[in-house]
Amino acid sequence: MTALPDVLSCIQPTAALHIGNYFGAVANWVQLQEKHSCVYGVVDMHAITMPYDPDELRANTRNMVIDLLACGVDPEKSTLFVQSLVPEHCELCWILSSQCAYGELSRMTQFKDKSAKLQRETADEFISAGLFLYPVLQAADILAYRAAAVPVGKDQEQHLELSRSIGRRFNQRFDTDFFPEPKALYTQTPRIMSLAQPDSKMSKSAGAKHYIGLFEEEASIRKKVKTAVTDTGELAEDQYMSPGVANLFTILRACQADTVAEQLEADYRGGQLKYSELKGAVADSLVELTGRFRSRREELVADADGVEAQVREMSARARDIAADTLRGVRKFAGFPAM
RNA sequence: AGGGGUGUAGCUCAAUUGGCAGAGCACUGGUUUCCAAAACCAGCGGUUGCGAGUUCAAGUCCCGCCGCCCCUGCCA
């Protein structure tokens, strides 16, 4: 029997990582692998729950793997798999879906938000059943590895809770302790906001000037930082600084530029801070940090075939664990052994 | 499968009897600003779902097809 991992975490393949993804999740992955055995996944089967293009998805998945390796996810320490190469996720999802109440799923906020939005708006958008089952697939992602812990931020708390309760129900229903309850690993990660709209989280969907790509060129990074929103109106009574400025400081500290950040904060308190200086410091830090990633990424791209072979090998390793889980699940669920 | 809707710029939508495809938002550039925002000025943006037809002329009318939404069914 293959050893079960301490930590499991997944990310959806998207066009390119931005600094919000990096500081919010990926940097933490790189940290965690130092002290834990980690399994990380690029979950392309989740990506098809929304309208998408197949060629784009394939390219995004390949790029995401490269991006993660460039950021420091280390095949020597961790297992990085592509979800669709481990079909057990899907099989487990189906079995678990029958241990999950319809009402429970319709109460998932992510799904509710989407449906509510539909009623408010034109109501002519395609909502796949896959979107509804999304949290169950997520539960399968975790339970397939019987992982001990999952790093979560606030927004994924509810989905992890569902995974725990599905696993619990499975155990109870089939009178076993097969699935350990995955613990939430609360790690404080900085929440990077949109540069153009600092009251909402940084995301690519909002548009190019809202985010900074992790592998963007220096000139582009500097330009985007420069055009970031600062003070847009009056500060609220209880506000220390405007969301835009606070966001710039968050980025600066996330880049570990603490001494610079302290100096500039002192200037801010004294009313001496020139935002152009702050922006210069932020841009410098980002350029320095991402420059390393960019050069590592170039090496990986040059060896694309090697990377692919490596990921297939790691996915096969992940599959060994998942297949082992499924052997047990099939037995409990009443299916014949394969 | 049948019935009813719907499809126009990235998004929301307009376009008279068939008569030059437009607006707002978004985006790009400029003025302004320590940097931004806001404001103002300028600009980019189109296979009108696809295909055929009628016409001097089709976003608009006729026929076929496709996608999506709602309803009623059918099959497993």
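Here the structure is a predicted model, which means the values were calculated and not measured. Quick note on labels: first sequence line is chain A, next is B, and so on, each numbered from 1.
In this structure, A/T189 has no side-chain hydrogen bond (donor to acceptor under 3.5 Å, both in side chains) partners at least two apart in sequence or on a different chain. Annotation: side-chain contact (heavy atoms from CB on, under 4.5 Å) contacts of A/D141 (sequence neighbours excluded): A/C10, A/V43, A/H46, A/Q83, A/H89, A/L137, A/Q138.
Pairing partner, B/rA52: none, since no Watson-Crick or wobble contact has both distances short of 3.5 Å. Nucleotide B/rU72: paired with B/rA1 (Watson-Crick or G-U wobble, both distances less than 3.5 Å). Under the Watson-Crick and G-U wobble criteria, each requiring two contacts below 3.5 Å, nucleotide B/rG67 is paired to B/rU6. Summarising the base pairing, B/rA39 is matched to B/rU31 through a Watson-Crick or G-U wobble pair whose two defining distances lie under 3.5 Å. B/rU60 makes up no base pair with any nucleotide shown, lacking Watson-Crick or G-U wobble contacts both under 3.5 Å. The partner of B/rA26 is absent, by the rule that a Watson-Crick or G-U pair needs both atom distances under 3.5 Å.
B/rC56 and B/rG18: their C1' atoms are spaced 12 Å apart (whole Å). Separation of the C1' atoms belonging to B/rG49 and B/rG2 is 23 Å when rounded to the nearest angstrom. When the C1' atom is compared between B/rC71 and B/rA76, the two are found 22 Å apart, to the nearest whole Å. Comparing the P positions of B/rG4 and B/rG64 gives an interatomic distance of 13 Å, to the nearest angstrom. For the P atoms, the distance from B/rU6 to B/rC62 is 13 Å, rounded to whole Å. Comparing B/rA37 with B/rU32, their P atoms are spaced 14 Å from each other, to the whole Å. Between B/rA9 and B/rA21, the distance separating the two C1' atoms is 10 Å to the nearest Å. The same atom, C1', is picked in B/rA58 and in B/rU16; the two are 15 Å apart, to the nearest Å.
At least one side-chain heavy atom of A/V329 sits under 4.5 Å from a side-chain heavy atom of A/F179.
Salt-bridge annotation for A/R169 and A/E104: present, with a side-chain N of the basic residue lying under 4.0 Å from a carboxylate O of the acidic one. Remark: A/E216 does not engage A/K223 in a salt bridge, criterion side-chain N to carboxylate O under 4.0 Å.
Heavy atoms of A/K223 sit under 4.0 angstrom from primed sugar atoms or phosphate atoms, though from no base atom.
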Reading nucleotides 31-38 of chain B from the 5' end, what letters show protein touch, with B for base, S for backbone sugar-phosphate only, - for no heavy atom under 4.0 Å? ---BBBS-
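Using a 3.5 Å distance cut-off with no hydrogens or angles, the side chains of A/N171 and A/T176 do not pair a donor with an acceptor. The closest side-chain donor-acceptor pair between A/D231 and A/Y275 falls under 3.5 angstrom.
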